[in-house]
Each structure stands twice: as C-alpha cells, then as structure tokens.
Amino acid sequence: MSGWIQRALAERFPTIESAVSEIAALKAQLELPKGVIHVISDVHGEAKKLRHVINNASGRLRPLVAELFEDQLGEAEFDEFLNVLYYPAEILQLKDDALSDDDERFRWVLATLTRQFDLIRIMVRERRRKTVKLLAPKEHRELFEVLLNYPAGGHDPVFLEVQLREMVRRRLAFSAIRSASRFIRNLTVEETIVAGDLGDRGPRLDRVVDYLMRQPNVSLVWGNHDVSWMGACLGNEALIALVLRISLRYRRLYQLEEGYGLLTKALEQLAEIAYADDPAEHFLSKREGERDPRLIARMHKAAAILEFKLQGRMIERHPEWEMNDRNLLPKIDFENASIELDDTTYPLRDSYLPTVDPSDPNRLSPEESQCMDRLKESFTSSPRLWQHMKWVSDRGRMAVVRDRAVIFHACLAVDEEGGYLPLEIDGNECRGPQQFPALNRVIKRAFRAGAQVDRDDLDWFYYLWAGPKSPLFGKDRMATFETYFIEDAATHAETKNAWFRWIHDFDFCDRICREMGVEEGGIVVNGHVPVKVEEGESPLKRGGNAVTIDGAFSEAYGDRGYTFILAPEGEVLAEHHAFPDPVAAVREGGDLIPDMTLVRAYDRPRMVGDTEQGEGIRAQIRALEELVAAYQDGEIQERSEA
C-alpha cells in the first residue's frame with residue numbers, strides 16, 4: 001500500500017488500538033448473515049406502487065411482525081400496526097382525529113413505539129452498531145437510544161415518559177413513530193436495486209425519483225427509458241421529441257409540466273398551426289383527461305414527426321449504426337401516399353404530413369425549428385430535471401453484480417449461435433460484457449460535460465434507446481412509425497435478438513456470469529420484457545439460472561410486478577398484485593401480500609464474507625493490517641485521539 005494511502009487511513013485510525021479495533025469489528029462483520037437485497041425493475045412512473053413495495057419490504061416485513069406479535073395482538077391491532085409501518089403518514093392522519101385526549105394519545109404512542117422497538121431490537125442483532133447508528137434518523141437519535149434499551153437499559157422509566165409526554169403535548173410524537181417506521185424499513189432491506197426504466201407510461205417519473213432519493217441505499221441499472229430522459233435532459237433533440245411523444249401517448253403531461261416545469265406550449269402552438277384541421281385519429285392518447293383529446297392527438301403527431309426527422313438525421317450522421325432502415329421519411333412516396341419497406345409497398349393510412357418537404361424530408365420546417373429551440377431550452381434549463389437525471393447518472397451503471405446475481409436491464413446482443421455481436425464504442429470493438437464499462441464511461445462523461453456535451457456522446461443516448469445492438473433494447477428495430485402509419489399489423493412486429501432464446505440455456509447464462517466475475521452459482525437478472533403470466537410464461541427461465549423481473553409493474557401493462565430478493569437463505573421471487581390507493585388501503589385495513597416463490601435455496605446461509613461486500617471488507621482489513629505494521633515499525637507516528 002502506498003505511503004499516501006497509509007497516511008490518509010491514519011487520519012481515521014490514528015493509533016494501533018483504533019486500527020486493531022476496526023480490524024476486529026470487520027472480521028466479525030464477515031461472519032454475519034449477508035444483508036437482504038431487493039431488485040425491482042420497470043417501475044414506469046408508478047410511484048404509489050413503488051412506495052408500497054418498498055414500504056412493506058416486498059412482503060418480507062409482515063412475517064417478521066407476525067412471528068413477534070401475532071399471539072399478542074388482535075386482528076384489528078395487528079393490521080393497524082402493519083399500516084403504521086407501511087403508511088405512517090396516512091394512519092397517523094386518521095389517528096390524529098381519533099386521539100384527541102393527550103393521555104389516550106400518550107398511551108397509544110408509547111404502545112406503538114414499544115412494539116416498533118421490540119421489532120428493531122431483533123433486527124439490529126445482525127448489524128454493526130455504527131451501521132445501525134447511520135440508519136437511525138438524526139432528529140430522534142437520543143429518544144431512539146433510550147427506546148432501543150427500554151425497559152432494560154438502566155434508564156428510569158420516567159425518563160422516557162417525560163420525553164414522550166412533552167412530544168405529545170407539542171404534537172410531535174407522531175413524527176417519532178414515522179421515523180421509527182422508516183428505521184425499520186431501512187433495517188429490513190440493505191440495498192434496493194432498480195434494474196431500469198424508472199419512468200414513461202405511468203403517471204409520475206418525478207415522484208418515483210423523489211421517493212428513491214429518500215431511501216438510504218439505492219443503486220440503479222439504466223434501462224432504455226432512463227437513457228431517453230437522460231439524453232433529453234442533456235439536449236438530444238430526438239429524445240426530447242420522444243419523451244414528449246410517449247407522455248402524450250399515455251397522457252402523462254403532469255410529470256412534464258408540474259413535475260419538471262417543462263413548457264409544452266411551443267408544441268401546442270405547432271400543433272395548432274400545422275395540424276389545425278387534422279383529426280389525427282391514429283394519435284389519440286390511451287387515456288382520457290381534461291384537455292381536448294384532439295389537441296392532445298395533434299400534439300402527439302407533431303412530436304412523432306419531429307422524432308422521425310431528428311432520428312433520421314442522427315442515422316445519417318452514424319452509418320456505423322447500420323440503422324438506415326429506420327430513416328423512414330425519405331422512403332415515403334408522397335405522390336402515391338405509400339412507403340416501401342423490405343421490398344414491399346404499403347399504403348399510408350395517414351398521409352397528412354404538412355411539415356415534411358418531399359425534397360428533404362428530414363429537414364425541420366421553420367415552425368418546427370422554432371418549436372424545438374423552445375423545447376430544448378426548457379429541457380436543458382429545468383433545474384429539477386437536471387437534479388433528477390444527474391442523480392440517475394451518478395447512482396446508475398449499465399450492470400451490477402450483487403452476491404451471485406448479475407443484473408442488467410435487457411440483454412447482450414448475440415448471433416443465432418450465441419456469439420457476441422460487436423459494437424464499436426470510443427473506437428474500440430466491444431463484445432459482450434465489455435460493452436458495459438465502455439458505455440458507463442460514455443454516459444458518465446456526458447453528464448460531467450453537461451451543457452458542453454460532445455455531440456457523438458449525446459447521440460449514443462438515442463442508440464441505447466433503440467439501436468439493434470443496444471444492450472438496453474434487444475430488437476431489430478423500434479417499429480414506432482409503422483404502428484402509427486401502416487395498417488398491416490405484420491409491419492408492427494419487432495424481432496427480438498437471439499439473446500431471448502439463449503437465455504433459457506444454462507451454459508450460456510453460466511458463461512455470462514463467469515465473464516462478469518461470478519465463478520459459480522451465478523444467476524442472470526434482467527427486466528425490460530414483460531412476463532406474460534396470463535399466457536403461461538414464467539419469470540424463471542428453463543435453464544434455472546436466469547430470471548426476468550419485468551412483471552408489468554405499470555398499470556398500462558397489467559399492474560403487477562416482481563421483486564427478486566437476495567436473502568441469506570436463498571433467492572426468492574415476490575409477485576405483486578394490483579393495489580388500491582394508500583389511503584384506501586389504510587381505511588380498509590388490508591395488506592396486499594405478494595406471492596413468494598423460492599427460486600434457489602442455499603445449502604447454508606450466505607454470510608457477508610461470501611459476497612463481493614466481503615471481498616471489499618477483506619481488502620480493508622489488509623490495508624489496516626499494513627497500517628498497524630507501519631505504526632509498529634515506526635514508519636508512521638501514532639497520534640493521540642481527541
């Protein structure tokens with residue numbers, strides 16, 4: 001270990017005794033059961049459902065409560081206590097009206113906090129004290145120290161009673177209950193990983209990100225919908241049009257206008273000028289709303305044409321993408337209102353394209369240029385959009401490995417024999433897992449550059465959205481144009497990459513895991529493609545070492561969803577169901593319990609030392625042992641601790 005690293009470490013551990021104490025604690029941590037990790041995917045803007053899944057720890061919290069309290073509490077009390085843990089804001093609002101007497105309120109608060117800390121005392125047994133301290137809310141730390149050791153901690157009971165009565169008198173006691181519920185949830189799950197697609201289709205991407213930002217340990221794996229918003233934030237014009245088109249298709253304008261302060265007036269004006277008399281019947285949104293449906297449809301069409309033009313210009317700039325088949329507007333026969341695709345001519349079911357110049361179809365009209373300039377200014381200057389997308393960039397990667405799970409959003413493009421297809425990134429031909437770190441660098445570099453982002457880096461965000469070799473897409477094409485403009489449904493088909501056939505093969509998936517650093521017992525975890533449960537599909541692939549966890553989380557896809565749980569005893573798949581609004585759930589007193597399926601049981605519980613976290617801890621131990629040796633040899637002088 002270099003001298004400067006030793007000196008930096010010595011700032012934290014200035015004596016032999018402090019370093020040895022940390023070594024001992026780290027070695028003990030290696031023998032603890034590994035933390036529980038939850039992997040979810042394809043949230044697609046469903047913030048309320050995400051909150052429910054996180055708050056009930058994907059169903060793992062209820063069995064803990066039942067084991068401890070089921071014989072002590074009646075059914076109504078049991079359900080109420082669960083709702084205190086899941087939805088403290090909603091249940092406490094109801095209790096605020098019901099508990100008008102301070103003595104009655106004090107008794108309920110004391111009973112509730114006592115139960116919460118009965119649960120917490122069990123949960124902290126397998127955590128380091130400093131980890132527990134970090135997870136404990138700062139605003140109630142002294143109260144929680146007392147409760148953690150109550151009633152056997154040596155404090156006179158009056159010490160707790162006086163604190164709580166004062167908090168009750170000042171109407172602050174409920175905040176302690178909310179903090180305790182959050183503390184319990186934080187202890188239940190060590191890390192939450194979202195394997196891509198935070199937004200689109202569902203109502204509020206902004207609220208999804210807000211909620212994730214409040215969680216203590218969240219990691220992200222980017223999906224193609226994530227990179228579309230990230231690229232739009234940085235000013236990729238095609239992706240700005242795409243984000244608007246999808247938001248209009250599903251009538252999700254609140255997340256644009258209220259969530260991010262994005263101005264859609266320019267697009268509305270373009271629609272009113274260019275498409276004033278257009279029925280735009282193939283662009284009617286999938287949901288109803290307050291605004292004129294024809295205006296929304298015309299805005300939707302205007303955004304789509306902008307996207308097709310800007311996409312075509314990017315494809316012309318990048319012949320190496322081999323996506324000329326997606327440069328579609330130049331393929332239109334405007335005289336005959338038809339288009340030729342794959343040597344077949346198809347009539348257009350909508351040939352009203354007033355902004356498209358047949359001599360230069362991808363050129364923006366003056367009105368479109370003015371509209372895009374205003375939209376781009378709005379997207380790139382929104383402070384809240386930048387804050388969220390920068391967080392998504394900072395917390396995200398193309399792939400992560402946790403314990404023996406190899407997690408990435410969609411696929412790695414392969415040929416029919418299962419061989420990796422090459423993708424040139426930064427001048428290097430990358431195959432298979434080599435693509436992940438190379439694309440990480442492109443995305444991180446783009447966000448470091450911000451407004452000065454390189455155009456080629458910015459174009460990558462569109463390729464990742466819909467490129468045929470993109471590890472976030474996995475199909476030969478995005479047939480958006482055909483869906484809107486061609487009646488023949490055969491043209492709407494998108495052919496999946498051979499990956500989605502090979503993922504059922506044990507040896508193929510085992511090779512992927514080994515190349516990602518998991519020597520044995522690995523499992524590939526993807527989202528992206530909804531599992532069609534109603535058609536008999538299973539999330540677990542036939543080889544037994546790959547699982548798809550896109551369970552149609554979005555209401556638009558089915559309102560279900562999966563959590564893949566990496567627990568010490570094994571790997572569990574939790575299947576979620578549709579659920580009511582949180583307030584309705586609290587009033588009805590129910591708990592929506594996911595169906596739990598054991599995917600793989602371990603021969604023995606997995607310890608921290610068995611995981612990649614253990615590898616990191618062992619590296620820390622080695623560094624500390626070298627520091628101790630440096631102290632003993634006099635290479636570094638010990639300092640007295642303050």
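Quick caveat, the model's predicted, so the values are computed rather than measured.
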message: Donor-acceptor pair, distance only, cut-off 3.5 Å: does the side chain of Ser181 make one with the backbone of Val84?
response: yes

statement: For Leu566 and Arg402, the nearest pair of non-hydrogen atoms, with its separation, is CD1-O, 3.9 Å

- prompt: Do Glu515 and Val406 come within less than 4.5 Å of each other through their side chains, counting heavy atoms only?
  reply: no

task: Measure across Thr611 and Asp403 and return the closest heavy-atom pair with its distance rounded to 0.1 Å.
output: CG2-OD1, 3.6 Å

query: For Phe500 and Cys411, which heavy atoms make the closest approach, and how far apart are they?
result: CZ-CB, 4.1 Å

- prompt: Any donor-acceptor pair under 3.5 Å linking the side chain of Ser41 with the backbone of Ala195?
  reply: yes

query: Are any side-chain N or O atoms of His492 and backbone N or O atoms of Ile486, one a donor and one an acceptor, separated by less than 3.5 Å?
result: yes

query: Between His388 (side chain) and Val209 (backbone), is there a donor-acceptor pair under 3.5 Å?
result: no

Phe78 atom CZ: more than 12 heavy-atom contacts under 6.0 Å: yes

- prompt: Are side-chain heavy atoms of Arg60 and Val36 found at a separation under 4.5 Å?
  reply: yes

message: Under a plain distance cut-off of 3.5 Å, with no hydrogens placed, do Trp321 and Asp459 share a side-chain donor-acceptor pair?
response: no

query: Going by an N to O cut-off under 4.0 Å, is there a salt bridge joining Asp610 and Arg604?
result: yes

query: Which is it for Glu571 and Tyr602 under the side chain to side chain donor-acceptor pair (under 3.5 Å) test, yes or no, and what are the steps along the way?
result: CA-CA 8 Å; Glu571 297 154 1; Tyr602 302 144; 3.1 Å; yes

message: Can you confirm whether Tyr86 sits close enough to Ile91 that some side-chain heavy atom of one is under 4.5 Å from a side-chain heavy atom of the other?
response: no

query: Counting distance only, does the side-chain N/O of Lys496 pair as donor-acceptor with the main-chain N or O of Gly474 below 3.5 Å?
result: no

task: Check the pair Asp210, Arg204 against side-chain contact (heavy atoms from CB on, under 4.5 Å), reporting the backbone distance first and the verdict last.
output: CA-CA 10 Å; Asp210 275 340; Arg204 296 297 291 260; over 6 Å; no

- prompt: Would you call Lys34-Glu191 a salt bridge at under 4.0 Å N-O?
  reply: no

- request: Using a strict cut-off of less than 4.0 Å between a Lys/Arg side-chain nitrogen and an Asp/Glu carboxylate oxygen, indicate whether Asp507 and Arg511 qualify as a salt bridge.
  value: no

query: Atom CG of Leu421 and atom CG of Leu412: how far apart are they, to the nearest 0.5 Å?
result: 10.0 Å

task: Check step by step if side-chain contact (heavy atoms from CB on, under 4.5 Å) holds for Asn236 and Met314.
output: CA-CA 10 Å; Asn236 184 305; Met314 266 194 299; 3.9 Å; yes

- prompt: Would you call Arg207-Glu258 a salt bridge at under 4.0 Å N-O?
  reply: yes

- request: Measure from the ring center of Trp465 to the ring center of Phe473 and say whether it is less than 6.0 Å.
  value: no

- line: Separation between CZ (Arg249) and NE2 (His300), nearest 0.5 Å, reads 5.5 Å

- request: Verify whether one side chain among Gln387 and Tyr260 offers a donor that lies under 3.5 Å from an acceptor in the other.
  value: no

- prompt: Is it true that Arg326 and Glu494 have a side-chain N and a carboxylate O under 4.0 angstrom from each other?
  reply: no

message: Go through it in stages, so that I can follow the logic: the residues are Ser285 and Leu248, the test is side-chain contact (heavy atoms from CB on, under 4.5 Å), and I'd like the CA-CA distance, side-chain angles, deciding distance and then a yes or no.
response: CA-CA 6 Å; Ser285 66; Leu248 288 157; over 6 Å; no

query: Between Asp200 and Arg245, does at least one N-O distance fall below 4.0 Å, as a salt bridge requires?
result: no

- line: Heavy-atom nearest pair, Thr491 first then Asp488, reads OG1-O, 2.8 Å

- request: Tell me whether the centres of the aromatic rings in Phe508 and Trp499 are closer together than 6.0 Å.
  value: yes

query: Do Asp505 and Asp510 come close enough that some side-chain heavy atom pair is under 4.5 Å?
result: no

field: Ile296 and Arg251, any side-chain heavy atoms less than 4.5 Å apart
entry: yes

- request: Let me know which of Gln434, Glu429, Gln435 forms a side chain to side chain donor-acceptor pair (under 3.5 Å) with Arg431.
  value: Glu429

- prompt: Is the closest side-chain donor-acceptor distance between Asp42 and Tyr562 under 3.5 Å?
  reply: no

- prompt: If every non-hydrogen atom of Gly544 is compared with every non-hydrogen atom of Arg600, which pair is closest and at what distance?
  reply: O-CD, 4.3 Å

- prompt: Just wondering, do Leu540 and Leu573 contact through their side chains at under 4.5 Å, heavy atoms?
  reply: no

- prompt: Does any N or O in the side chain of His504 come within less than 3.5 Å of the main-chain N or O of Gly543, such that one atom is a donor and the other an acceptor?
  reply: no

- request: Kindly say whether Gly561 contributes a backbone atom to a donor-acceptor pair with the side chain of His576 at under 3.5 angstrom?
  value: no

- line: d(Thr188 OG1, Phe183 CZ) to nearest 0.5 Å is 10.5 Å

field: Heavy-atom side-chain contact between Val572 and Val599 under 4.5 Å
entry: no

message: Can you confirm whether more than 12 heavy atoms, excluding those of Arg395, are under 6.0 Å from its CZ atom?
response: yes

query: Going through the checks in order, is the side-chain contact (heavy atoms from CB on, under 4.5 Å) test met by Leu385 and Trp229?
result: CA-CA 9 Å; Leu385 181 62; Trp229 279 86; 3.9 Å; yes

message: Could you check whether Arg477 pairs with Asp325 (Lys NZ or Arg NE/NH1/NH2 to Asp/Glu carboxylate O, under 4.0 Å)?
response: no

field: Pair Gln311, Tyr462: side-chain N/O donor-acceptor within cut-off below 3.5 Å
entry: yes

query: When rounded to the nearest 0.5 angstrom, what distance separates CG in Asp457 from CZ in Arg441?
result: 12.0 Å

query: Does Asp197 use its side chain to pair, donor to acceptor, with the backbone of His225 at less than 3.5 Å?
result: yes

message: For Gln215, I'd like to know if atom CD has over 12 heavy atoms of other residues, nucleotides or ligands within 6.0 Å.
response: yes

Pair Asp350 + Lys301: basic N to acidic O under 4.0 Å: yes

message: Could you tell me if Tyr463 and Glu320 have a donor-acceptor pair between their side chains, going purely by distance under 3.5 Å?
response: no

message: What I want to find out is whether Glu520 reaches Arg514 closely enough, with some N-O distance under 4.0 Å, to be called a salt bridge.
response: no

- prompt: When rounded to the nearest 0.5 angstrom, what distance separates CZ in Arg51 from CG in Leu212?
  reply: 13.5 Å

query: Between Ile512 and Tyr420, which heavy-atom pair has the shortest distance, and what is it?
result: CD1-OH, 3.2 Å

message: Does Asp342 have more than 12 heavy atoms from other residues, nucleotides or ligands lying within 6.0 Å of its CG?
response: no

query: Is the backbone N or O of Glu575 less than 3.5 Å from a side-chain atom of Asp595, with the two atoms forming a donor-acceptor pair by type?
result: no

task: Would you confirm whether Asn526, through its side chain, and Thr548, through its main-chain N or O, come within 3.5 Å as a donor-acceptor pair?
output: no

Side chain proximity check, Pro468 to Glu322, heavy atoms < 4.5 angstrom: no

query: How many angstroms lie between atom CG of Leu458 and atom CG of Leu239, to the nearest 0.5 angstrom?
result: 7.5 Å

message: For Val400, run the side-chain contact (heavy atoms from CB on, under 4.5 Å) check against Ile407, Val39, Val525 and tell me which one passes.
response: Ile407

field: Lys/Arg N to Asp/Glu carboxylate O, Glu519 vs Arg404, below 4.0 Å
entry: no

